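I have placed the structure first, in the form of structure tokens, so that the comments after it can refer back to it.
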There are 2 protein chains.
Amino acid sequence: MTNRSTGSNPPAPLEGDAHLPLYRRLYQTIAGRITSGDWRPGDALPAELDLARLYGVAPGTVRKAIDELVDDGLIERRHGSGTFIRRPNFDNMMVRFLLYRDPEGREIMPASHIISREIVPAPAAIAQHLGMAEGEDVIRMVRHRHWEGAARLLEDIYLPPARFRPMIEHSPEEIGPLLYPAYERLCGQLVCFIEEEITILDATPEDAALLGLKDGDLVVAIERIAKNASGQPIEWRISRGEARRFRYRISVG
Amino acid sequence: MTNRSTGSNPPAPLEGDAHLPLYRRLYQTIAGRITSGDWRPGDALPAELDLARLYGVAPGTVRKAIDELVDDGLIERRHGSGTFIRRPNFDNMMVRFLLYRDPEGREIMPASHIISREIVPAPAAIAQHLGMAEGEDVIRMVRHRHWEGAARLLEDIYLPPARFRPMIEHSPEEIGPLLYPAYERLCGQLVCFIEEEITILDATPEDAALLGLKDGDLVVAIERIAKNASGQPIEWRISRGEARRFRYRISVG
DNA sequence: GAGTGGTCTAGACCACGAG
DNA sequence: TCGTGGTCTAGACCACTCA
């Protein structure tokens, strides 16, 4: 059988090489419609049987593609009501690890101060992380996060201008305290995956001064690469904070 | 259809409550045969169609159970040759994070010194982690790991005697430098899952002395709970090392 | 070539959520 | 009550490994 659309429209095309499994190509197609903003967080996907008809594949093939999208956290099933695009929430993640709490023990939303935004030539390491050429223009943003009356977290953030020009054109007030919602609202960019590397090292004199640390104190440095639904890197950042009281949980299968 | 064994033996029983999905019960059944030592690392599982016949379920149901066992790292598929029990390798994990290398940059297998082994009443927190009652007997083992001529990692390890009595009956030479292989070899216990929590804190005077740190230096403390194939906790440990140069990578979907 | 997992199909029936 | 996802079945054919 070469075409199983039962008398109705011809099937929609799938992304990806024809030699890839259908469920892989369907995964990429759905991820691409999230990346493009065609489907946005909160939206419902078509029902599985509708997707099967739409793309001309069997229901079991749709199910396998959706299984993997759910595993990767891009979408979410709600039994009886449908399948929905997720909005991951990474922006406030680091604050949790630094274990600061208000007097009642609740988590704090720290104040956010954008110190500078400029376009600079991409250093080699950052260009590589972002899939750009060395020396190509890149947006560099410095941000400090404050709580308990002092700077606690220093962030250097690098963004490709092709996707993120609005981040230098809008005022800090329009951007607000959380970056990832601003990326989505102002630039149509959705962060879906992150990879981090944690290092403990000696504070530089500048960082020590900004964080109120003594000479010889240690900082925790968290390097992060953030990717969109299609797995393309869209942000690189390094954050530094006081190492003491840092805490992190992981589980490995 | 109530019984689909085609004229041959009746199906083998599945673990778990009858109201659970068949693929979940099959997952638990296979995990249980790993825990019990019935199937050991390196062994091949029966072919998927044989498992389907053995347990009286459809091939697709076997496939879904095996998919999840593979996702959880308990088994491994090799296309064309079979499905095999995996042997996870966690024991040396922490050493990687501390970034010590020999002069040629290779990873080091640090020397391992068992300082003490004793049976003590379980403190409340440890009893809870191990699913025991407070005050019940627990094995406490202290181990130091050395490289570059000094102690670099201090480990306090707690084990339930019901599973691990051989660990106090055998000599340190019989145990060898790696604990998890010794658990498997001497006690028939296989570690399949771990959860860790990393904290940076001030060194206690004793830890500072043992690690050669100055007063006020920081240590990284890694608390770990290790579980077998059935998800039962079988070991709790806390390891401390110098915080400086600590490094950790994670990715979050 | 025999046996294995990998992909894909085409359904049936159940459990859940919302109107 | 209807539409959704959740489970389960029963096969076909392909791709890979190894003797």
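Order of the sequence lines sets the chain letters (A, B, ...), proteins ahead of strands, with each chain counted from 1. In this text, all values refer to a predicted model and were calculated from it rather than measured experimentally.
- Rounded to whole Å, atom P of dC8(C) lies 16 Å from atom OH of Tyr27(A).
- At the phosphate of dT7(D), OP1 or OP2 sits under 4.0 Å from a side-chain N or O atom of Tyr23(B).
- In this model, the phosphate group of dG5(C) is approached by a side-chain N or O of Thr83(B) to a distance below 4.0 Å at OP1 or OP2.
- When distances are taken from the side chain of Ala58(A) to each of dT9(C), dT7(C), dG5(C), the shortest belongs to dT9(C).
- Between Ile66(B) atom CD1 and dG6(C) atom P there is a gap of 9 Å when expressed in whole angstrom units.
- Under the side chain to side chain contact (heavy atoms under 4.5 Å, CB included) criterion, Thr83(B) pairs with Leu45(B), Ile66(B), Ile75(B), Arg77(B), not counting sequence neighbours.
- Taking a 6.0 Å sphere around CD of Glu174(B), one finds it holds more than 12 heavy atoms contributed by other residues, nucleotides or ligands.
- Between dT9(D), dG5(C), dG5(D), one nucleotide has an atom nearer to the side chain of Arg77(A) than all others, and that is dG5(D).
- As rounded to whole Å, 8 Å separates atom P of dG6(D) from atom CG of Asp67(A).
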Write down the protein N/O and nucleotide N/O pairs, taken from nucleotides 15-19 of chain D, whose separation is under 3.5 Å; answer none if there are no such pairs.
| from | atom 1 | to | atom 2 | distance (Å) |
| --- | --- | --- | --- | --- |
| dA15(D) | N3 | His79(B) | NE2 | 3.0 |

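- Taking only side-chain nitrogens and oxygens, Arg63(B) comes nearer than 4.0 Å to OP1 or OP2 of dG6(C).
- In terms of position on DNA chain C, the residue among Glu48(B) and Leu22(A) whose nearest nucleotide sits closer to the 5' end is Glu48(B).
- For the residue pair Arg224(B) / Ser239(B), no side-chain donor-acceptor distance below 3.5 Å is found, with atom types taken as modelled.
- Looking only at side-chain heavy atoms (C-beta outward), Met141(B) and Leu179(B) come within less than 4.5 Å of each other.
- Annotation: side chain of Leu190(B) is in contact with side chain of Pro41(B) (closest heavy-atom distance under 4.5 Å).
- Atom C1' of nucleotide dC14(C) and atom CG of Leu20(B) are separated by 16 Å, given to the nearest angstrom.
- For the pair Ile234(B) and Phe164(B), the tightest heavy-atom approach, listed with the atom from each and the gap, is O-CE1, 3.2 Å.
- We find that CG of Leu14(B) is positioned 14 Å from C1' of dT7(D), with the value rounded to whole Å.
- Atoms CD1 (Ile75(A)) and C1' (dT4(D)) sit 14 Å apart, rounded to a whole Å.
- Val57(A) has its side chain out of reach of Tyr23(A): every pair of non-hydrogen atoms, C-beta onward, lies at least 4.5 Å apart.
- Put simply, NZ on Lys64(B) is 17 Å from C1' on dG6(C), counting in whole angstrom units.
- Arg53(B) has its CZ atom 13 Å from the C1' atom of dA10(D), to the nearest Å.
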